[in-house]
Amino acid sequence: MRATALLVSLAVVSLLPTAYAAANEPSAHALQTLNHQTRQLDRVHNVIVAYDGEIIHEFHQGGPGVASPTNIKSLSKTVLAAITGAAIEEGIIESVEQPMAALFGEHLPAGLDPRVKDITVAHLLAQQAGLERTSGSNYGAWVASANWVNDALSRPFVDEPGGRMLYSTGTSHLLSAALTHASGETTYALAQRLLGEPLNISIPPWLRDPQGIYFGGNDMQLSPRALIEVGELYRNDGMMEGQRILPEDWVEASWTPRGISQWTGDGYGFGWFITQLAETPTYYGRGYGGQALYVIPERAMTVVITSDPTPPSPGGQFQQRLNQLVEGLLGAY
């Protein structure tokens, strides 16, 4: 497997030699320190570290184990982005520039704002649909609605498609619906066929909306070890054991910032946040309660952290605590 480094201070950089990564394998002391620091965070269930394609460390302190499916909450958005990339490689979707409306076809409701037809797959992946958010204070009413897709599509535009990042699970759910209508398969079936089978991971069925569309962007169930494989797929530029699963340039496109998170200031691409930890380019997906997948190409590392996903939320600062765990690992020798 090869390590790909992209984006330093939100700029693309060239590939780094394998020898560089080899010089930075986490030491036994660094991993022991990681365990000690993790014990201070009671909510964390598991931490897994993979180096150069091999799992070198697993820590478990409660909840489902490293091989058991767990609710990854909004980290599902990162997995959904991988499914979308695999669907493009399969030819189900032409490209990220394809309009969402073309994928919906006759399933697109009538009477919508004309700007809905300007929303592309890229806008859905990058949370740039422009529609009012269904997350935050709007979430409860949205999931209580009779038709999640129609509700999300009928919300007022608060920006133009392709404008600022508006983090919204409703936007991701529209992507799940688009995949379903374009393929004639459920998002779950696509996940199994295009991602689960080639990566040899289990992706159990998860929640559906009232019309049977699998929830896009929340409540997927994957084990921490399965998430490592998703991260490794990206670390290896969409290839797994010589098979191309994601399109060429997909990872670079996914790790190119298209918007900025108003909460963290980190860049956001296609389902991935973009930051630096210990002065090292780092790409991560995150979910409610402390679910996180990190890929650090310069160090040939993938790290998964899963935590108790039940309310109440530990707050936004908890993600910073998880970032500090990874930062400590990267800075230790």
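Only a predicted model underlies this, so the values are computations on that prediction, with no experimental measurement involved.
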Would you please name every residue forming a ring pair (Phe, Tyr, Trp, His ring centres under 6.0 Å) with F270, sequence neighbours left out?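 Ring pair (Phe, Tyr, Trp, His ring centres under 6.0 Å) check on F270 returns W250.
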Which residues pass the ring pair (Phe, Tyr, Trp, His ring centres under 6.0 Å) test with H173, sequence neighbours left out?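 Once residues adjacent in sequence are excluded, the partners of H173 under the ring pair (Phe, Tyr, Trp, His ring centres under 6.0 Å) criterion are W142, W148, F215.
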Test side chain to side chain contact (heavy atoms under 4.5 Å, CB included) applied to T306 and V66, I48, T70, the passing residue: T70
Report the residue from L80, L103, L124 that forms a side chain to side chain contact (heavy atoms under 4.5 Å, CB included) with L179.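 It is L80, the one option of L80, L103, L124 that forms the side chain to side chain contact (heavy atoms under 4.5 Å, CB included) with L179.
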Count the heavy atoms belonging to other residues, nucleotides or ligands that lie under 6.0 Å from [atom1] of [X], then report whether that count exceeds 12.
X: Q61; atom1: CD; answer: yes
X: Q40; atom1: CD; answer: yes
X: R43; atom1: CZ; answer: yes

Dump the intermediate steps for side chain to side chain donor-acceptor pair (under 3.5 Å) on S168 and S135, then the final yes or no. CA-CA 5 Å; S168 174; S135 295; 4.6 Å; no
Minimum side-chain heavy-atom gap [X]-[Y] below 4.5 Å:
X: M100; Y: V116; result: yes
X: I305; Y: Y284; result: no
X: L293; Y: W272; result: yes

Just by distance, do the side chain of [X] and the backbone of [Y] share a donor-acceptor pair under 3.5 Å?
X: R133; Y: T171; answer: no
X: E132; Y: V158; answer: no
X: Q128; Y: I119; answer: no

Before giving the answer on side chain to side chain donor-acceptor pair (under 3.5 Å), spell out for S261 and D266 the whole-Å C-alpha distance, their side-chain angles and the decisive distance to 0.1 Å. CA-CA 5 Å; S261 168; D266 291 338; over 6 Å; no
Taking only residues at least two apart or on different chains, which pairs with a member in residues 309-332 satisfy ring pair (Phe, Tyr, Trp, His ring centres under 6.0 Å)?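 Ring pair (Phe, Tyr, Trp, His ring centres under 6.0 Å) check on residues 309-332 returns no pairs.
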Just to verify, what does [X] make a salt bridge (charged side-chain N to carboxylate O under 4.0 Å, His left out) with, not counting sequence neighbours?
X: E279; value: none
X: E89; value: none
X: D209; value: none

Please test S27 against Q32 for side chain to side chain donor-acceptor pair (under 3.5 Å), starting from the C-alpha separation and ending with a verdict. CA-CA 9 Å; S27 66; Q32 290 169 1; over 6 Å; no
Side chain to side chain donor-acceptor pair (under 3.5 Å) assessment of H36 paired with T33: CA-CA 5 Å; H36 174 74; T33 301; over 6 Å; no
